[in-house]
Amino acid sequence: MKSYQSLILHLMLLLLVTIPLKGITACIKPALSSAWIQLPPFMHKDPDGSLAPAGFDVIILNHVSKQLDCPIEWRNQPWNRSIYELEHGQLDVLAPASYNPKRAQFAWYSKPFRAERMRIVVRKETQHQWPLTSLEAMLKQNYRISFHLGTWYGLEFEKVAKNPNFQGLLFSGTNNQKRLKMLLRERVDGVLGEVVSLLQDAEKMGISDKLAVIDYPVHDNEVHFIFSKKNIPEHFVHSFNNVLKSYKNSSDYPILNYTLHE
């Protein structure tokens, strides 16, 4: 009889260890802090007036965090400030983030969740004047380019940005619509950024017919969620990735069709 009871107890303990019960991957904090910027259609102000943002990236983060019983507390603030806060443990999770070695020193990276394409938007009448061989060739012809401060545009852009000969031709900004207004006022010749977001802002401003995208791939990559190494243990990121993978394989995962925005 005792051996039978011992067997039952052993089986129950085995089940507790092997069955993934709800709560084992529960939130490691009462809530995770995150921040958003105006970057439609990925992140933007909710048209219904909610304090929480809306958008493609927001839907994905909210879905995965909900499966982990982990609510998100949002705040709206500049990207560079958010990166600083993530590095110093004042923010838990942030997106969208391209991979670069500097950020990897203080952030855990999730698996990629969508693609990103960096392109230059120009005034339509100038689109065939741009050299399409390199960023360096463009800057050598004195084309002035606006970029979003704190955004990763790839190794080619990093190289020209460090060249003192070109620094007077590169203008930083943090708002797409303001940068597009600079373009129309001929204060810059091109606006560099995520092509879908730039063109959506242009459409909202009613200026799409005045703009064109030049056929030069500045940078194509995948983007991730990043988590502060000061606040978030690595095992939580593994759990996050497992839920993200299941979500991406489901029919509910939001699809972004780039071909609609060429």
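Quick note: numbers below take in every heavy atom, side chains included, and nothing from hydrogens, waters or symmetry partners. On a predicted model such as this, the values are computed, not experimentally measured, just so you know. Positions are given from 1 along the sequence.
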Under 3.5 Å donor-acceptor, Asp46 side chain and Asp48 backbone = yes

So, for Leu61 and Ser34, which heavy atoms are closest and what is the spacing to 0.1 Å?
-> CD2-OG, 4.1 Å

By side chain to side chain donor-acceptor pair (under 3.5 Å), which residues pair with Arg81, not counting sequence neighbours?
-> Glu85

Could you walk me through whether Asn241 and Phe225 pass side chain to side chain contact (heavy atoms under 4.5 Å, CB included), step by step?
-> CA-CA 10 Å; Asn241 282 334; Phe225 298 102; over 6 Å; no

Is the shortest heavy-atom distance from the side chain of Ile120 to the side chain of Leu135 under 4.5 Å?
-> yes

With a cut-off of 3.5 Å and sequence neighbours excluded, list every side-chain donor-acceptor pair involving residues 216-223.
residue : atom : partner : partner atom : Å
Tyr216  : OH   : Glu156  : OE1          : 2.8
Tyr216  : OH   : Glu156  : OE2          : 2.9
His219  : NE2  : Asn221  : OD1          : 3.3
Asp220  : OD1  : Arg119  : NH1          : 2.7
Asp220  : OD1  : Arg119  : NH2          : 3.2
Asp220  : OD2  : Arg119  : NH2          : 3.3
Asn221  : OD1  : Ser98   : OG           : 2.9
Asn221  : ND2  : Glu116  : OE1          : 3.4

Under 3.5 Å donor-acceptor, Asp92 side chain and Ser33 backbone | yes

Does any N or O in the side chain of Asn231 come within less than 3.5 Å of the main-chain N or O of Gly89, such that one atom is a donor and the other an acceptor?
-> yes

Side-chain touch Pro254/Ile60, heavy atoms, less than 4.5 angstrom | yes

Should Phe171 and Phe166 be counted in the same cluster of Ile, Leu, Val, Met, Phe, Trp and Tyr side chains packed under 4.5 Å apart?
-> no

Are Leu149 and Met182 linked, directly or through other ILVMFWY residues, by side chains that come within less than 4.5 angstrom of each other?
-> no

Can you hop from Tyr99 to Phe106 via hydrophobic side chains spaced under 4.5 Å?
-> yes

Does some side-chain heavy atom of Asn249 sit less than 4.5 Å from a side-chain heavy atom of Lys245?
-> yes

Work out which heavy atom in Gly193 is nearest to a heavy atom in Arg179; give both atom names and the distance.
-> CA-NH2, 4.3 Å

How long is the gap from CG on Leu94 to CG on Asp57, to the nearest 0.5 Å?
-> 10.5 Å

Hey, are the side chains of Met118 and Leu192 touching, using non-hydrogen atoms and a 4.5 Å cut-off?
-> yes

Approximate separation, where rounding is to 0.5 Å, of Asn165 CG and Gln167 CD = 9.0 Å

Min side-chain heavy-atom separation Phe236-Leu68 under 4.5 Å | yes

Report, as yes or no, whether the 6.0 Å neighbourhood of atom NZ on Lys204 holds more than 12 heavy atoms from other residues, nucleotides or ligands.
-> yes

Hey, does the side chain of Ser146 reach the backbone of Val191 with a donor-acceptor pair shorter than 3.5 angstrom?
-> no

Hey, what do you get for CG (Asn176) to CD1 (Ile37), rounding to the nearest 0.5 Å?
-> 8.0 Å

If only atom types and distance count, is the side chain of Lys124 paired as donor or acceptor with the main-chain N or O of Asp209 below 3.5 Å?
-> yes

Hey, quick one: are Leu183 and Val213 part of the same hydrophobic cluster, counting side-chain heavy atoms closer than 4.5 Å, chains of contacts allowed?
-> yes

When rounded to the nearest 0.5 angstrom, what is the spacing between NZ in Lys248 and CZ in Arg114?
-> 11.5 Å

Is there a donor-acceptor pair under 3.5 Å between the side chain of Glu73 and the backbone N or O of Leu32?
-> no

For residues 52-73, pull every pair meeting ring pair (Phe, Tyr, Trp, His ring centres under 6.0 Å), keeping only residues two or more places apart or in separate chains.
-> His63-Tyr247

Any side-chain heavy atom of Pro40 within less than 4.5 Å of one from Asp201?
-> yes

Steps toward side chain to side chain contact (heavy atoms under 4.5 Å, CB included) verdict (Leu91, Arg75) | CA-CA 10 Å; Leu91 197 69; Arg75 53 184 185 254; 3.1 Å; yes

With sequence neighbours left out, which residue pairs that include part of residues 73-92 fulfil the ring pair (Phe, Tyr, Trp, His ring centres under 6.0 Å) condition?
-> Tyr84-His88

Taking all atoms of both residues into account, what is the closest heavy-atom pair of Arg123 and Leu211, and its distance?
-> CA-CD2, 4.4 Å

Okay, side chain of His44, backbone of Leu39: is any donor-acceptor separation there less than 3.5 Å?
-> no

Here the pair of heavy atoms bringing Leu244 nearest to Ser110 is CD2-OG, 4.4 Å

What is the minimum heavy-atom distance between Pro233 and Trp108, and which atoms define it?
-> C-NE1, 4.1 Å

Shortest non-hydrogen contact between Lys229 and Ala104, atoms and distance | NZ-O, 2.9 Å

Same apolar cluster: Val122 and Leu132, side chain cutoff 4.5 Å = yes

Would you say the side chain of Gln38 lies within less than 4.5 Å of the side chain of Trp36, judging by non-hydrogen atoms?
-> yes

Reported CD1-to-CG distance for the pair Ile72 and Asn62, which is rounded to 0.5 angstrom | 6.5 Å

Side-chain atoms of residues 138-145: list all donor-acceptor pairs with protein atoms under 3.5 Å, sequence neighbours left out, distances to 0.1 Å.
residue : atom : partner : partner atom : Å
Lys140  : NZ   : Glu136  : OE2          : 3.2
Tyr143  : OH   : Gln129  : O            : 3.2
Arg144  : NE   : Asp189  : OD2          : 3.0
Arg144  : NH1  : Glu186  : O            : 3.4
Arg144  : NH1  : Arg187  : O            : 3.1
Arg144  : NH2  : Glu186  : O            : 2.9
Arg144  : NH2  : Asp189  : OD1          : 3.1

Gap between atom CD of Gln127 and atom CG of Asp215 - 0.5 Å precision | 10.0 Å

Can you check whether Asn100's main-chain N or O pairs, donor with acceptor, with Trp152's side chain at less than 3.5 Å?
-> no

Are side-chain heavy atoms of Pro78 and Thr174 found at a separation under 4.5 Å?
-> no

Taking atom types as modelled and ignoring hydrogens, do the side chains of Gln77 and Ser82 form a donor-acceptor contact shorter than 3.5 angstrom?
-> yes

For Tyr153, the ring pair (Phe, Tyr, Trp, His ring centres under 6.0 Å) test, sequence neighbours excluded, returns Phe157

